[in-house]
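Just so you know, these numbers come straight off a predicted model, no measurement behind them. The analysis underlying the following values was restricted to heavy atoms, covering all of them including side chains, and did not include hydrogens, waters or symmetry mates.
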Amino acid sequence: MKALIPKYAVLPLALAFAVNCTAYFGARLFLGNTAYHHMTLPIDSIIPFVPAFIVVYLLAYVQWAVGYILICRDSRQVCYYVMGAEIAAKCICFLCFVFYPTTMVRADITGSSLFETAVSYLYRIDAPNNLFPSIHCLESYFCMRGAFISRKLSGGYRMIMILATILVFASTVLLKQHVVADMAGAIITAEFALWFARKTHIGEWFAKINFLERRPPQ
């Protein structure tokens, strides 16, 4: 029976997760009394607050788990390329979080419905910083782009990834977790990281350090 995660993909996925945590949580160690910037645009004031989108926001974690595993199952080449780009993107996020920290004014929650209560809890556990670029959008965008980079995933799956990514993007602004500029920053960061990984072949680094994989004889 074929393993859910191939041996060659274990280390890249683990490193990508570690870099993600370092970028998101580690950046906050450098902030302190740092002055925050606002990137709110006129369009952000038009976008309504829709607490029901908390369901989509949380289901994004399922999209990421499924998306990254299927991307990595495609082949070593695709796995190393996308995971290399993913790590490069998170390094960019870290630099943005530290050197240009942003914040925003969140929604004023006055109701007590299930959705509003869930959003209120989200606000309490997730401070309004580390916003630009949006990691939530970045991860979903990588899942979508990876679906098209893969040579084995079907057209139907790719359409599902497109729809899921659009919904996740919408959830970040409809919950007032991010502003439109954060979404744009995620796309630009992801595309630059994919270009950088393609030009520099940084994914090949995994082949040199991947001690978890039994290499075939030369």
Side-chain angles (χ1 to χ4, degrees), residues 5-24 26-27 30 39 60 63-102 130-155 157-159 161-162 164-166 168-169 172 178 180-213 215-216 218:
I5 301 176
K7 284 186 178 180
Y8 65 77
V10 173
L11 186 62
L13 284 169
L15 287 176
F17 179 75
V19 172
N20 175 77
C21 292
T22 300
Y24 191 75
F30 294 88
M39 300 187 71
Q63 181 199 14
W64 305 341
V66 173
Y68 278 115
I69 289 175
L70 290 181
I71 289 168
C72 289
R73 283 171 62 91
D74 178 274
S75 64
R76 287 177 182 80
Q77 181 181 9
V78 170
C79 171
Y80 290 172
Y81 168 47
V82 176
M83 289 299 101
E86 156 77 7
I87 290 174
K90 292 303 170 53
C91 291
I92 295 172
C93 289
F94 177 81
L95 294 175
C96 290
F97 295 160
V98 172
F99 294 105
Y100 196 79
T102 61
N130 289 355
L131 301 180
F132 178 86
S134 165
I135 285 186
H136 224 78
C137 293
L138 182 75
E139 299 289 58
S140 290
Y141 189 80
F142 261 114
C143 287
M144 182 189 71
R145 287 287 278 112
F148 283 87
I149 293 170
S150 171
R151 296 164 294 187
K152 297 180 180 178
L153 296 175
S154 68
Y157 174 81
R158 290 169 179 170
M159 292 304 298
M161 281 294 108
I162 291 175
T165 300
I166 291 173
V168 170
F169 270 58
T172 64
H178 287 280
V180 171
D182 300 333
M183 295 194 300
I187 296 173
I188 294 170
T189 300
E191 288 297 337
F192 176 80
L194 287 166
W195 172 84
F196 180 78
R198 184 169 62 253
K199 289 294 183 179
T200 62
H201 305 286
I202 59 173
E204 295 178 2
W205 178 68
F206 289 124
K208 299 177 180 179
I209 66 168
N210 205 343
F211 58 88
L212 296 177
E213 181 187 6
R215 293 176 176 78
Q218 299 296 322

According to the interplanar angle, ranging from 0 to 90°, do the rings of F142 and Y68 count as parallel (below 30°), tilted (30 to 60°) or perpendicular (above 60°)?
tilted
Would you say that M161 contacts L153 through its side chain, given a criterion of any heavy-atom pair below 4.5 Å between the two side chains?
no
Tell me the closest heavy-atom pair linking G185 and P133, and the distance in Å.
C-CB, 3.4 Å
Least distance between heavy atoms, G26 atom then F94 atom
C-CE1, 4.1 Å
Looking only at heavy atoms, what is the nearest atom pair of S140 and T165, with distance?
O-OG1, 3.1 Å
Less than 4.5 Å apart, any side-chain heavy atom of Y141 and any of F169?
yes
Can you confirm whether D74 sits close enough to Y81 that some side-chain heavy atom of one is under 4.5 Å from a side-chain heavy atom of the other?
no
Over 60° means perpendicular and under 30° means parallel, so classify the ring planes of F192 and F196, tilted if in between.
parallel
Any heavy-atom pair between the side chains of K90 and F17 that's under 4.5 Å?
no
Check the surroundings of atom CD in E191: do more than 12 heavy atoms from other residues, nucleotides or ligands lie under 6.0 Å from it?
yes
Would you confirm whether N130, through its side chain, and Y24, through its main-chain N or O, come within 3.5 Å as a donor-acceptor pair?
yes
Please report the closest heavy-atom contact between C79 and C72, naming both atoms and the distance.
SG-SG, 3.5 Å
Non-hydrogen side-chain atoms of V19 and E86 separated by less than 4.5 Å
no
Derivation of the side-chain contact (heavy atoms from CB on, under 4.5 Å) call for I162 and F148:
CA-CA 10 Å; I162 291 175; F148 283 87; 3.6 Å; yes
Distance check, rounded to the nearest 0.5 Å: I5 atom CD1 versus L70 atom CG?
10.5 Å
Looking only at non-hydrogen atoms, find the nearest pair between A186 and L138 and report the distance.
O-CD1, 3.3 Å
Could you report the tightest heavy-atom contact between A85 and I202, atom names first, then the distance?
N-CD1, 4.4 Å
So, does H178 use its side chain to make a donor-acceptor pair with the main chain of L131 at under 3.5 Å?
yes
Contact check, side chains of Y157 and K152, non-hydrogen atoms, under 4.5 Å
no
Using a 4.5 Å cut-off on heavy atoms from C-beta on, say whether the side chain of N20 contacts that of W64.
no
Ring geometry between Y80 and Y8 (parallel below 30°, tilted from 30 to 60°, perpendicular above 60°)
perpendicular
Donor-acceptor contact below 3.5 Å, side chain S150 vs main chain I71
no
Determine whether T172 and M183 make a side-chain contact, defined as any pair of heavy atoms from C-beta on separated by less than 4.5 Å.
yes
